[in-house]
Amino acid sequence: MYIPNFDQNPTQKVGRPADASQQMRPVAERVYQKCKIMILVVDGVSLTTVASIMDPFMHANKILGRDRFDLERVSLLEQDPLTTAGIRLACEKPSNCVLAHGDVKNRPDFVMLACGQEVDKTSQKALQTFLRKLAATSVPFVALGAANAFAVTTGLIRADKCVAHWETIGLLRENFPAIDFLNVLFETCERGTSCAGELAALDFAIAFIENHCGSSIAQKIGSHFLLQSRRSGNALQLLNGSAMLCANGRIQKAIAMMVENIERPIGMDEIADELNISTRQLERIFARYGFDSPGRYFKELRLERARQLLEQSELSLAEVSLACGFESQNNFSKSFKKLFGVSPRDFRTPRGGLKYLRENIF
């Protein structure tokens with residue numbers, strides 16, 4: 001990760017402690033350079049995303065015994081933003097008061113962008129203005145959840161890779177074919193970081209803190225939030241959430257292989273060979289943890305991807321069928337209707353927040 005290290009006394013050379021006594025002091029007594037983080041919050045954002053990105057920094061400050069991370073919540077408009085939980089989030093100032101031209105002294109070290117899928121036209125215009133202002137500065141950023149779509153449309157994200165929540169990947173790939181939208185938790189490029197949002201923001205925040213404060217602080221934060229294990233940025237957003245609740249390494253690896261081969265499905269024997277077990281053992285492992293058979297699970301993953309594409313993209317039914325590994329469109333239609341209770345053609349109409357993204361952003 002490109003993020004600079006703030007652990008040292010600012011009067012010392014990077015990578016070396018001030019002196020032996022400084023190195024031996026309790027964590028709360030060490031000298032740290034403050035890191036200023038501005039969190040831009042937009043109406044319609046998930047409260048989970050905001051809490052996941054803020055709480056680890058607040059707890060890090062508590063462990064360190066000082067405000068190492070100076071968090072400032074900024075509202076996009078004059079009024080405090082309303083989250084999807086119906087709770088207004090108090091902010092210190094509106095966005096038109098920050099990142100002023102020439103005001104280098106008050107600029108944050110990082111800007112974190114948090115918004116939901118549904119952004120009204122007034123907010124959309126203000127957000128685009130803010131992103132253009134951010135692009136004109138050298139301040140690195142983190143785009144959380146749907147903020148990635150806006151960052152791409154304004155050219156703030158121009159790299160060949162960008163993370164998107166799995167529900168919006170199909171829509172973004174259709175509209176920005178030059179960018180590889182990743183089905184992972186977070187990805188850092190030269191200027192900033194794209195993150196899937198929701199609980200992935202927690203994984204990013206802890207990785208960020210670990211980079212600045214070390215593994216010990218990160219581990220204490222993970223323990224406080226009762227995390228059984230840490231997820232790296234390249235961990236897959238598995239399409240079926242039930243898999244996230246299973247800690248069995250073989251199941252996780254098997255499903256990861258399925259996700260990576262949706263367009264050109266692989267056989268269960270190939271997955272079993274990769275895991276050095278028989279296909280019968282693979283079936284037993286899936287059954288032991290309450291999953292459908294591996295073959296059926298894989299088929300439902302492909303149908304779930306088809307559902308996304310039908311809801312988000314303009315691909316024809318035949319193209320969706322092929323993109324999800326079905327050589328026969330008739331077989332695809334029957335399988336889809338059996339799982340979702342409606343034919344792919346009748347399901348075609350996009351809905352909800354994704355419909356809003358499709359009609360108002362692109």
Side-chain angles (χ1 to χ4, degrees), residues 1-6 35-42 45-46 49-50 52-54 56-57 69-74 76 95 98-101 103-104 106-117 119 124 126-165 168-169 172-173 175-176 178-212 231-235 237 357 361:
M1 196 177 291
Y2 68 91
I3 300 170
N5 194 319
F6 291 98
C35 178
K36 295 169 61 178
I37 299 174
M38 191 191 88
I39 303 175
L40 180 73
V41 188
V42 183
V45 69
S46 164
T49 296
V50 178
S52 294
I53 200 66
M54 288 188 63
F57 290 107
F69 298 100
D70 183 9
L71 303 180
E72 181 182 49
R73 291 184 303 276
V74 171
L76 181 63
S95 62
V98 299
L99 295 182
H101 179 68
D103 187 13
V104 178
N106 293 318
R107 283 184 184 174
D109 296 306
F110 296 92
V111 171
M112 297 188 178
L113 311 165
C115 71
Q117 291 179 355
V119 180
Q124 185 181 146
L127 181 57
Q128 290 172 339
T129 299
F130 179 86
L131 292 178
R132 284 194 290 268
K133 188 187 296 186
L134 177 60
T137 72
S138 59
V139 179
F141 67 90
V142 180
L144 302 167
N148 291 303
F150 289 96
V152 168
T153 59
T154 56
L156 189 60
I157 293 180
R158 297 181 180 178
D160 59 348
K161 292 182 179 181
C162 177
V163 170
H165 191 282
T168 61
I169 281 179
L172 291 168
R173 284 176 175 168
N175 286 276
F176 299 95
I179 296 179
D180 181 13
F181 288 95
L182 306 175
N183 188 37
V184 297
L185 300 184
F186 57 87
E187 170 80 10
T188 298
C189 61
E190 182 180 355
R191 171 73 187 278
T193 297
S194 54
C195 176
E198 302 294 350
L199 290 179
L202 178 65
D203 297 287
F204 170 76
I206 294 177
F208 186 106
I209 293 168
E210 181 175 41
N211 190 72
H212 286 69
R231 296 188 296 174
S232 64
N234 61 3
Q237 304 170 46
L357 270 177
I361 298 179

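Just so it is clear, the structure is predicted and the values come from calculations on it, not from any experiment.
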>> I need the minimum non-hydrogen distance between Ile179 and Cys162, along with the two atoms involved.
In response: CG2-CB, 3.9 Å
> Going from CG on Leu99 to CZ on Arg132, what distance comes out if it is rounded to the nearest 0.5 angstrom?
Replying inline: 14.0 Å
> Taking Thr193 for the side chain and Thr188 for the main chain, is one N or O donor matched with an acceptor at less than 3.5 Å?
Replying inline: no
> Does the side chain of Val139 come within less than 4.5 Å of Met38's, by heavy atoms?
Replying inline: no
> When you measure from the side chain of Asp109 to the backbone N and O of Ile37, does any donor-acceptor pair fall under 3.5 Å?
Replying inline: no
> Rounded to the nearest 0.5 Å, how far does CZ of Arg73 lie from CG of Leu40?
Replying inline: 12.5 Å
> What distance do Ile206 atom CD1 and Ile53 atom CD1 have between them, rounded to the nearest 0.5 Å?
Replying inline: 10.0 Å
>> Looking at every non-hydrogen atom in both residues, tell me the closest pair between Glu198 and Thr49 and how far apart they are.
In response: N-OG1, 2.8 Å
>> I need the Leu71 CG to Met112 CE distance, nearest 0.5 Å.
In response: 8.0 Å
>> Under the criterion side-chain contact (heavy atoms from CB on, under 4.5 Å), I'd like the reasoning laid out for Ile209 against Phe57: C-alpha separation, chi angles, the key distance, then a yes or no.
In response: CA-CA 7 Å; Ile209 293 168; Phe57 290 107; 3.6 Å; yes
> How close do Gly116 and Ala146 get, heavy atom to heavy atom, and via which atoms?
Replying inline: O-CB, 3.3 Å
>> Leu113 vs Phe130, test: side-chain contact (heavy atoms from CB on, under 4.5 Å). Steps then yes/no.
In response: CA-CA 10 Å; Leu113 311 165; Phe130 179 86; 3.8 Å; yes
> Distance from Met54 atom CE to Leu202 atom CG, nearest 0.5 Å?
Replying inline: 13.5 Å
> Which heavy atom in Ala196 sits nearest to a heavy atom in Ala200, and how many Å separate them?
Replying inline: CB-CB, 4.1 Å
>> Do Phe176 and Thr153 have side chains that approach each other closer than 4.5 Å (heavy atoms only, starting at C-beta)?
In response: yes
>> Strictly distance-based, threshold 3.5 Å: is any side-chain N or O of Asn148 a donor or acceptor partner for the main-chain N or O of Cys195?
In response: yes
> Which atom names give the shortest non-hydrogen contact between Ala149 and Leu172, and what distance separates them?
Replying inline: CB-CD2, 3.8 Å
>> I need the minimum non-hydrogen distance between Val42 and Cys115, along with the two atoms involved.
In response: CB-CB, 3.5 Å
> Quick one: does Phe181's side chain get under 4.5 Å of Asn175's, heavy atoms only?
Replying inline: no
> Measuring from Phe208:CZ to Phe186:CZ, what's the distance to the nearest 0.5 Å?
Replying inline: 11.5 Å
